[in-house]
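One structure is given below, encoded as structure tokens.
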Amino acid sequence: MKDKKILLVDDETEFVSTLAERLKLRGFNVETATDGEAAIQMTEESRPVLIILDLKMPGLGGLEVLKQVKGGDSSIKVILLTGHGSTKEGIEGMNLGASDYLMKPINIEELIAKMQDAIDNG
Amino acid sequence: MIMKNEAIETESAFLGCIIAGATHELNNVLAVIQESAGLVEDLLLFSPQTALSSGEAISNSLDSINSQIQRGVGLLTQLNRLAHCSDGGKQEIDLGTALEGMTVLCQRFAKMKNVEILPLEAAPDLKLTTRPLVLQMAIFSAIRACLDVVDTDGRIRMELTKTDNWVDICFLIEDNSPDSRMSFGSDTSPHWKALLFSAGQLQGTVKPALSNSGIMLQLPICLDSTF
């Protein structure tokens, strides 16, 4: 899994850069974006196998990004991140093709397990 | 009785909205702290012998933790102040503190549109005796009504004009679409309606007005005013 490209998307700049650094320390090939528009552009350019995607972002929100990504290439796996206590939007995202969702703050080992599962099993 | 129920529902909706926005922000604060602390831990765990050479990364993480703690404390302070406002009756309230508090608590909503809310350049030293929760609701509704129509990447600036007995708080919209203000007073703007409702609850002494630049709230400021 570690040679595969992963895109991490969240508008919380410090969160996205720090989590990316932690994944890189574990050997993952990670790129980052801090808004939905940039995420779409980077997906088209660098074709990640997996996107870790925040649901609530200014401009293009996570669900809209998910729809566009899946519309362009349904093989790209998506794991959603949400800060909400509710699971409603996470489930809505899974109905739109996301592999899984996680509540922030996240446990990195749980995230990696979900990443592995998404890539192996979709 | 109907008016009382409507007031409770409107106040509950206002508090729910504030709490949802602030707790979402607090969740983000905790997420950044967790990842920053986790990165320090990782640097020590994965390469303990080179951890000292990662001094800059560790220092940046600690700076990040400290700044996020300040962000969290700011949010919690304003939430706590608001909680003490909801005790019911009339209390003395500092207008500058109320405006500063609502600016902080509205940041989440502004951020979702990439809009900047600029606080007052100098906080006024003005005390009012009023129902603080309803006054805060009026300020919140005015800011949200402005956020409804401001362009993405625009700004909302607060300006205060004082006369002998009145103070005008102006929420000025700075963007490239002055025509969009036409939708301000429409029936479809829930925040404008909430603002009118709060003004009604304050017995009409808070007078909201619309202009091409934004929204103005006019309040009496004499110290013995008990609206």
Side-chain angles (χ1 to χ4, degrees), chain A residues 2 6 8-28 30 32-39 52-65 79-90 101-112, chain B residues 16-17 19-48 50-51 54 56-72 75 107-117 147 150-154:
Chain A
K2 291 190 173 176
I6 292 159
L8 179 55
V9 190
D10 197 304
D11 63 306
E12 196 71 39
T13 317
E14 286 186 54
F15 172 79
V16 85
S17 63
T18 315
L19 180 57
E21 201 59 39
R22 296 189 74 195
L23 291 169
K24 283 176 188 172
L25 276 172
R26 287 164 172 78
F28 290 99
V30 186
T32 61
T34 54
D35 62 63
E37 288 81 0
I52 301 163
L53 178 64
D54 187 30
L55 271 170
K56 288 280 182 187
M57 294 185 291
L60 211 55
L63 288 179
E64 189 53 43
V65 174
I79 293 174
L80 299 168
L81 296 179
T82 176
H84 282 262
S86 160
T87 54
K88 192 179 159 193
E89 282 184 299
Y101 65 91
L102 268 175
M103 301 287 176
K104 288 198 287 186
I106 59 163
N107 175 309
I108 196 160
E109 301 310 330
E110 190 185 356
L111 172 65
I112 291 169
Chain B
C17 200
I19 291 166
T23 51
H24 190 97
E25 283 294 272
L26 285 168
N27 214 27
N28 278 333
V29 164
L30 292 174
V32 176
I33 289 174
Q34 174 157 308
E35 293 314 316
S36 300
L39 180 57
V40 173
E41 200 175 43
D42 287 353
L43 289 168
L44 295 168
L45 186 71
F46 285 98
S47 51
T50 56
S54 308
E56 192 181 345
I58 290 175
S59 174
N60 288 343
S61 294
L62 295 176
D63 284 349
S64 179
I65 289 171
N66 282 325
S67 69
Q68 292 301 321
I69 288 171
Q70 292 309 311
R71 180 181 166 199
L75 280 161
Q107 289 304 331
R108 171 75 197 160
F109 308 106
K111 191 175 157 189
M112 291 308 290
K113 279 192 87 170
N114 274 331
V115 169
E116 191 180 4
I117 304 175
L147 281 170
V150 65
D151 282 351
T152 299
D153 298 322

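Quantities reported herein were computed from a predicted structural model and do not represent experimental measurements. Per chain, numbering begins at 1; letters A, B, ... match sequence-line order.
For the pair A:Met103 and B:Asn27, the minimum side-chain heavy-atom distance is 4.5 Å or more.
Taking CD from A:Glu14 and CG from B:Asp63, the interatomic distance works out to 9.5 Å, rounded to the nearest 0.5 Å. Here CE of B:Met112 is found 6.5 Å from CG of A:Asp11. Values are rounded to the nearest 0.5 Å. For the atom pair CE (A:Met57) and CG (B:Asn114), the distance works out to 11.5 Å, reported to the nearest 0.5 Å.
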Is there a side chain to side chain contact (heavy atoms under 4.5 Å, CB included) between B:Leu39 and A:Leu25? Walk through the geometry before answering. CA-CA 9 Å; B:Leu39 180 57; A:Leu25 276 172; 3.7 Å; yes
For B:Gln34 and A:Phe15, what are the C-alpha separation, side-chain angles and deciding distance, and is it a side chain to side chain contact (heavy atoms under 4.5 Å, CB included)? CA-CA 9 Å; B:Gln34 174 157 308; A:Phe15 172 79; over 6 Å; no
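Evaluation of the side chain to side chain contact (heavy atoms under 4.5 Å, CB included) rule for A:Asn107 yields A:Glu109, A:Glu110 as partners, not counting sequence neighbours.
A salt bridge is defined here as a Lys NZ or Arg NE, NH1 or NH2 lying under 4.0 Å from an Asp or Glu carboxylate O, and A:Lys56 with B:Glu25 fails to meet this definition.
Sorted by first and then second residue, the pairs that involve residues 31-41 of chain B and meet salt bridge (Lys or Arg N to Asp or Glu O under 4.0 Å), not counting sequence neighbours, are A:Arg22-B:Glu35.
Of the two parts of B:Thr23, neither the backbone nor the side chain holds a non-hydrogen atom closer than 4.5 Å to a non-hydrogen atom of chain A.
Between B:Leu30 and A:Pro105, the shortest heavy-atom distance links the atoms CB-CG, 3.8 Å.
Comparing B:Thr152, B:Asp42, B:Val32 by heavy-atom pairs within less than 4.5 Å of chain A, the highest count is held by B:Asp42.
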